[in-house]
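Here's the structure, in structure tokens; my notes come after.
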Number of protein chains: 2
Amino acid sequence: MPDSPEKQAPESQGQDEQQEQPPRRRQARGERRIIQLLEAAATVFSTTGYTAASTNAIAREAGVSPGTLYQFFPNKEAIAIELGDRLMHEMRDTYGEALAPIDPVTPLEEAVGAAVERFIDFNCQHPVFFALMHGPDVPGRITEAHDALHSTLHSRIEGLLSSFLPDASPADLTRTAHMCLGMYKAGLELALAHEGAEREAYVQELKNALVRYLDPLVGERLGRPDATTTA
Amino acid sequence: MPDSPEKQAPESQGQDEQQEQPPRRRQARGERRIIQLLEAAATVFSTTGYTAASTNAIAREAGVSPGTLYQFFPNKEAIAIELGDRLMHEMRDTYGEALAPIDPVTPLEEAVGAAVERFIDFNCQHPVFFALMHGPDVPGRITEAHDALHSTLHSRIEGLLSSFLPDASPADLTRTAHMCLGMYKAGLELALAHEGAEREAYVQELKNALVRYLDPLVGERLGRPDATTTA
DNA sequence: CCAGAATGCGAGCGACCGCTCGTGTTTGTC
DNA sequence: GACAAACACGAGCGGTCGCTCGCATTCTGG
């Protein structure tokens, strides 16, 4: 691993906020190559992890030469970053504000079930996402993106919880939210490790675990009409 | 990374079960060096992970030369294996049969609490253990040890569950046990990420999550006297 | 005390990795 | 058709890594 060279043109600093783009015109062929390379990278990353994946392997998987790969990406990290950005974008497009709005009258089961369902679905359709987000070896920028997503989810959960539990201490709220995220991650891992009906069963099990974990906390809330049908 | 050479003397196979030891006599100094090297390896592994840890770094951390390291370990993997073996041994020594016996009259809270407490404690005192066991990049033999431990824990949990739930389907039992292990792992990660009182709070939260997850399943059991005090 | 084994050293080998560069091919524009 | 820019190639550069090897030093048994 050579140290990241970090050689950038000094740029005109200070008064021009768009700092690059020596007008790099892409042809249609180039755009196709980029997609091809990103797909290859997704395959290699999700099978071997980020650090173990070699750029030569990605190029080989895409059926091009190493030089061609570096025609479109300045370095290995940029590939992962671009891949992560596109996944993040696709997630927001697909599920829109699904991870944002919280309807306080929604029953707990429904809220948990919907959120779990959506995120598990996305991860099943894009296994790279899990490899990049929960991989232990990914470098700086990806980790930043991961942390950003993580803290977004965390504060969403915290918000949901505080709407259910307005009188809980912030520390308890944070802990509970972290625990929920941890359980979600564990369930995701189990779901990804299985397929078909078995996967569905694990998703259901994750929902059960989350609801049962949270239910006692919100139990004293004003009445949910049917509290008996749990399983 | 060079391909693992895998050059072993053919050995006399078949009728002699102790297959090696060209009588390698160790001096006291050597034993000390081995412990020194293993401690250095523990430090390096737990800070950088297995693959990212370089043997030269381990030797440097131990204050010896690379050659000296290879006087005592045939390769990098062997260091991790020896380290893992000693940890496993120490775990069994420390907690003895604590992970074995299941007293069916023990209340659920107590059983879960005791098991969680013990394992969390061990992991807090030996952070390497987590790095080696749940690290994503560790090679063959370590993964085998991990899988062995994992399936041991899994079958213990399955046994406990089946004693509580004699009429549940095997598939459900397996799933529930996997879910418990996943939740434990998530809680362990959270506990390791904090210290002192906050860590204790996460341990308690993990116990809560597990008990609440399992309680509805064993709820129809013959009476535990006080079923109301949950928190 | 001394032969030989165990221990210790560190330059360096071979393999692989991320990445570059000189060169050749394709594509768009006039 | 001419020219430049974008695209493609692949040998190979500089680097690190796991690990070796020849040689010096220290310990141990007879």
Side-chain angles (χ1 to χ4, degrees), chain A residues 1-9 21-37 40-41 44-45 48-82 137-142, chain B residues 1-8 21-37 40-41 44-45 48-81 137-142:
Chain A
M1 265 172 255
D3 51 346
S4 45
E6 210 161 346
K7 45 188 169 187
Q8 293 187 350
Q21 264 68 337
R24 182 70 173 176
R25 297 173 44 241
R26 296 246 102 103
Q27 301 180 352
R29 190 174 31 153
E31 299 287 353
R32 261 182 278 124
R33 277 273 180 266
I34 289 180
I35 293 181
Q36 199 177 43
L37 283 165
V44 177
F45 283 158
T48 70
Y50 175 79
T51 36
S54 84
T55 54
N56 291 8
I58 294 173
R60 206 180 314 120
E61 172 78 23
V64 303
S65 84
T68 299
L69 186 152
Y70 282 93
Q71 192 89 27
F72 302 101
F73 298 98
N75 51 48
K76 182 179 171 181
E77 187 177 353
I79 305 173
I81 290 175
E82 179 65 26
D137 48 359
V138 287
R141 274 281 315 264
I142 300 285
Chain B
M1 269 173 251
D3 49 346
S4 45
E6 210 161 349
K7 46 188 168 187
Q8 293 186 349
Q21 263 69 339
R24 181 70 170 178
R25 298 172 44 243
R26 297 247 101 105
Q27 302 180 351
R29 192 174 29 152
E31 298 288 352
R32 261 182 278 124
R33 274 276 179 266
I34 289 180
I35 293 180
Q36 200 178 41
L37 283 165
V44 178
F45 283 158
T48 70
Y50 174 79
T51 35
S54 84
T55 55
N56 290 9
I58 295 173
R60 205 181 314 120
E61 172 79 22
V64 302
S65 84
T68 299
L69 187 152
Y70 282 94
Q71 192 87 24
F72 301 101
F73 298 99
N75 52 49
K76 182 179 171 181
E77 186 177 355
I79 305 173
I81 289 175
D137 47 1
V138 287
R141 274 283 313 264
I142 300 285

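Just so it is clear: chains get the letters A, B, ... in the order the sequence lines come, proteins before strands, and each one is counted from 1.
For the pair A:Gln27 and B:Glu31, nearest-nucleotide mapping onto DNA chain C gives the more 5' position to B:Glu31. Nearest-nucleotide positions on DNA chain D place A:Pro66 closer to the 5' end than the other of B:Ala28 and A:Pro66.
Close to C:dC19, at under 4.0 Å from its OP1 or OP2, lies a side-chain N or O of A:Tyr70. Neither OP1 nor OP2 of C:dT7 sits under 4.0 Å from any side-chain N or O of B:Thr68. Between D:dC7 and A:Arg26, a contact under 4.0 Å exists linking OP1 or OP2 to a side-chain N or O. Distances shorter than 4.0 Å separate none of the side-chain N or O atoms of A:Arg29 from OP1 or OP2 on C:dT26.
Distance A:Ile34 CD1 to D:dA8 C1': 14 Å, rounded to the nearest Å. Atom CG in A:Asn75 sits about 5 Å away from atom P in C:dC19, given to the nearest Å. Rounding to whole angstrom units, CD of residue B:Gln71 and C1' of D:dC23 are separated by 13 Å. Straight-line distance from the CZ atom of A:Phe73 to the P atom of D:dA8: 12 Å, rounded to whole Å. We find that CG of B:Asn56 is positioned 9 Å from C1' of D:dC19, with the value rounded to whole Å. Look at CG on A:Leu69: it is 9 Å from P on C:dC19, rounded to the nearest Å. Rounded to whole Å, atom C1' of D:dC9 lies 12 Å from atom CZ of A:Phe72. Atom CZ in B:Arg25 sits about 7 Å away from atom C1' in D:dT28, given to the nearest Å.
Within 4.0 Å of A:Gly67, counting heavy atoms only, lies at least one base atom of the nucleic acid. Within the nucleic acid shown, B:Ala53 comes within 4.0 Å of sugar-phosphate atoms alone, with no base atom in reach, counting heavy atoms only.
The two residues A:Val44 and A:Ala57 have their closest heavy-atom pair at CG2-O, 4.3 Å. Heavy atoms only, all atoms of each residue included: A:Ala40 and A:Glu61 are closest at CB-CG, 3.5 Å.
Of the possible donor and acceptor atoms, none in the side chain of A:Tyr50 sits under 3.5 Å from a partner among the backbone N and O of A:Ile142.
The side chain of A:Thr55 has C:dG18 as its nearest neighbour among D:dC17, C:dG8, C:dG18. Considering only the side chain of A:Ser65, D:dC9 comes nearest among C:dC19, D:dC9, C:dG10.
Side chains of A:Leu69 and A:Ile79 form a contact here, defined as non-hydrogen atoms less than 4.5 Å apart. No side-chain heavy atom of B:Phe73 sits under 4.5 Å from any side-chain heavy atom of B:Thr55.
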